Participant: 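Got a structure here, written out as C-alpha cells. Questions coming.
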Amino acid sequence: QVQLTESGGGSVQPGGSLRLSCAAFEYTSNIFCMGWFRQTPGEEREGVAAIYTLGGSTYYADSAKGRFTISRNNTARNTVYLQMNNLRPEDTALYFCAAGAAPCSGVWWERTSEYNYWGTGIQVTVSS
C-alpha cells in the first residue's frame with residue numbers, strides 16, 4: 001500500500017507563496033502519475049496540477065496556470081512539490097496529494113477516480 005505524506009501548508013496573505021511537498025512511501029515503483037487536488041466545504045474535489053513521474057510532463061488547471069508549478073525530485077521521483085505563487089483568497093482549500101499507477105494523461109489527469117492513493121490533506125489558507 002502506497003503511503004502519501006503531505007507537508008508545507010499554512011496561512012499566507014494574498015500575493016504570498018507556499019510550497020507543498022508530497023512524499024510517497026512503499027511500492028513507489030508502481031506510481032507513474034502524482035497530482036494535487038483541492039477541496040472546499042460543500043464542493044467537489046478539483047484537480048490543480050499533475051506530473052508524470054517518469055517523463056516529467058505536467059498538467060495544470062486553468063486556475064493554476066502561470067501561478068503554480070508542479071515538479072518532482074529528480075533523484076527520488078517519489079516526491080513531488082507544488083510551488084504556489086501569487087496566492088488568492090479563492091485558493092483557500094484543503095489540498096490533497098494523489099498518486100496513480102497509470103502515466104498521466106491530458107485527458108484524465110483531473111479525474112479523482114483515476115488515482116489509486118490519496119494523502120490525508122493539508123490546509124492552505126489565503127487571507128489578509
Side-chain angles (χ1 to χ4, degrees):
Q1 181 79 2
V2 174
Q3 309 276 347
L4 300 177
T5 301
E6 302 125 331
S7 60
S11 296
V12 65
Q13 291 187 338
S17 299
L18 284 173
R19 189 175 86 150
L20 305 182
S21 299
C22 175
F25 301 93
E26 304 294 339
Y27 307 105
T28 58
S29 61
N30 297 330
I31 296 172
F32 291 95
C33 183
M34 292 185 74
W36 286 98
F37 287 73
R38 65 188 184 187
Q39 189 171 22
T40 54
E43 299 293 326
E44 291 190 359
R45 198 168 293 187
E46 65 173 6
V48 178
I51 186 167
Y52 175 36
T53 58
L54 198 61
S57 298
T58 56
Y59 306 86
Y60 294 95
D62 287 344
S63 60
K65 288 177 182 175
R67 300 188 300 126
F68 295 0
T69 302
I70 190 170
S71 61
R72 59 182 176 164
N73 184 317
N74 288 326
T75 57
R77 65 180 182 91
N78 59 318
T79 302
V80 296
Y81 308 98
L82 184 68
Q83 177 67 42
M84 303 186 293
N85 297 328
N86 192 21
L87 282 161
R88 305 165 179 166
E90 53 265 39
D91 295 317
T92 296
L94 192 61
Y95 283 70
F96 295 88
C97 178
C104 299
S105 162
V107 174
W108 60 257
W109 75 268
E110 294 175 279
R111 300 178 192 163
T112 56
S113 59
E114 297 292 339
Y115 293 81
N116 307 95
Y117 310 102
W118 291 86
T120 57
I122 191 164
Q123 182 67 36
V124 170
T125 301
V126 185
S127 173
S128 55

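In what follows, residues are counted from 1 in the order of the sequence shown. Fair warning: this is a prediction, and the values are worked out from it, not measured in the lab.
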Participant: Kindly write out the residues that satisfy side chain to side chain donor-acceptor pair (under 3.5 Å) with Gln3, not counting sequence neighbours, or none if the list is empty.
Facilitator: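 Gln3: no side chain to side chain donor-acceptor pair (under 3.5 Å) contacts found.
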Participant: Please name all residues satisfying salt bridge (charged side-chain N to carboxylate O under 4.0 Å, His left out) with Arg45, sequence neighbours left out, ordered by chain then number.
Facilitator: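 Not a single residue meets the salt bridge (charged side-chain N to carboxylate O under 4.0 Å, His left out) criterion with Arg45.
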Participant: Roughly how far apart are Ile122 CD1 and Arg38 CZ, rounded to 0.5 Å?
Facilitator: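 Atom-to-atom, Ile122:CD1 and Arg38:CZ are 15.0 Å apart.
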Participant: Looking at CG of Leu82 and OG1 of Thr69, how far apart are the two atoms once the value is rounded to the nearest 0.5 Å?
Facilitator: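 If I round to the nearest 0.5 Å, the distance is 8.0 Å.
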Participant: What's the spacing between Leu4 CG and Thr79 OG1 if we round to 0.5 Å?
Facilitator: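 Spacing of CG (Leu4) from OG1 (Thr79) equals 10.5 Å.
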Participant: Report yes if some heavy atom in the side chain of Tyr59 is under 4.5 Å from a heavy atom in the side chain of Ile70; otherwise report no.
Facilitator: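 Side-chain contact under 4.5 Å: no.
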Participant: Count the heavy atoms belonging to other residues, nucleotides or ligands that lie under 6.0 Å from CD of Glu90, then report whether that count exceeds 12.
Facilitator: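 Atom CD in Glu90 is crowded, with more than 12 foreign heavy atoms closer than 6.0 Å.
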Participant: Consider only side-chain heavy atoms of I, L, V, M, F, W and Y, link residues closer than 4.5 Å, and tell whether Leu20 and Val2 are in one cluster.
Facilitator: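 Result: yes, single cluster for both.
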Participant: Whether the side chain of Glu114 engages the backbone of Trp109 through a donor-acceptor N/O pair (distance < 3.5 Å, no angle test) should be reported.
Facilitator: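 A pair under 3.5 Å: no.
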Participant: Minimum heavy-atom separation for Ala101 to Phe32, with atom names?
Facilitator: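 Scanning both residues, the minimum pair turns out to be O-CD1, 3.2 Å.
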Participant: Shortest non-hydrogen contact from Phe96 to Thr120?
Facilitator: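 Nearest pair, atom of Phe96 first, then Thr120: CE2-O, 3.5 Å.
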Participant: Would you say that Pro89 contacts Pro14 through its side chain, given a criterion of any heavy-atom pair below 4.5 Å between the two side chains?
Facilitator: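 A side-chain contact under 4.5 Å exists here.
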Participant: Applying the 4.5 Å side-chain criterion to the ILVMFWY set and letting contacts propagate, would Met34 and Val48 be lumped into a single cluster?
Facilitator: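 They do share one cluster, since a chain of ILVMFWY contacts under 4.5 Å joins Met34 to Val48.
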Participant: Any donor and acceptor pair, going by atom type alone, linking the side chain of Ser128 with main-chain N or O of Gln13 inside 3.5 Å?
Facilitator: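 It does not hold such a pair.
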Participant: Quick one: does any side-chain atom of Asn78 pair with a main-chain N or O of Ala24 as donor and acceptor, under 3.5 Å?
Facilitator: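 It does hold such a pair.
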Participant: What pairs of residues pass the ring-ring contact (aromatic ring centres under 6.0 Å, His included) test when at least one of them lies in residues 37-56, not counting sequence neighbours?
Facilitator: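 Found Phe37-Tyr115, Phe37-Trp118.
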Participant: Could you grab the distance from atom CG of Leu54 to atom CD1 of Ile31, nearest 0.5 Å is fine?
Facilitator: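 Interatomic distance, Leu54 CG to Ile31 CD1, rounded to 0.5 Å: 12.5 Å.
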Participant: Taking Trp108 as the starting point, is it possible to reach Ile51 by hopping between hydrophobic residues whose side chains are less than 4.5 Å apart?
Facilitator: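 Hydrophobic grouping puts Ile51 apart from Trp108.
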Participant: Taking atom CE of Met84 and atom CZ of Arg67, what is their separation to the nearest 0.5 Å?
Facilitator: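 Reported value, rounded in 0.5 Å steps: 9.5 Å.
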Participant: What pair of heavy atoms forms the shortest contact from Val126 to Thr92, and how long is it?
Facilitator: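 Taking Val126 first and Thr92 second, the nearest heavy atoms are N-OG1, 2.8 Å.
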Participant: Only pairs at least two apart or in different chains count here, so list each disulfide bond (SG atoms under 2.5 Å apart) that has a residue in residues 23-64.
Facilitator: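 As it turns out, the disulfide bond (SG atoms under 2.5 Å apart) pairs with a partner in residues 23-64, which skip direct neighbours, are Cys33-Cys104.
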Participant: How about Asp91 and Phe68: do any of their side-chain heavy atoms sit closer than 4.5 Å?
Facilitator: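 Answer yes - side chains close enough.
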Participant: Report the residues that fulfil salt bridge (charged side-chain N to carboxylate O under 4.0 Å, His left out) with Arg19, sequence neighbours left out, ordered by chain and then residue number.
Facilitator: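 None.
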Participant: Does Asn85 have any side chain to side chain donor-acceptor pair (under 3.5 Å) partners at least two apart in sequence or in another chain, and if so, which?
Facilitator: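 Scan of Asn85 (side chain to side chain donor-acceptor pair (under 3.5 Å), adjacent residues dropped) gives Ser17, Gln83.
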Participant: Looking only at non-hydrogen atoms, find the nearest pair between Glu6 and Gly119 and report the distance.
Facilitator: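 Minimum heavy-atom contact is OE2-CA, 3.3 Å.
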Participant: Using a 3.5 Å distance criterion without hydrogens, assess whether the side chain of Gln123 forms a donor-acceptor pair with backbone atoms of Gly9.
Facilitator: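 No, Gln123 side chain to Gly9 backbone: no donor-acceptor pair under 3.5 Å.
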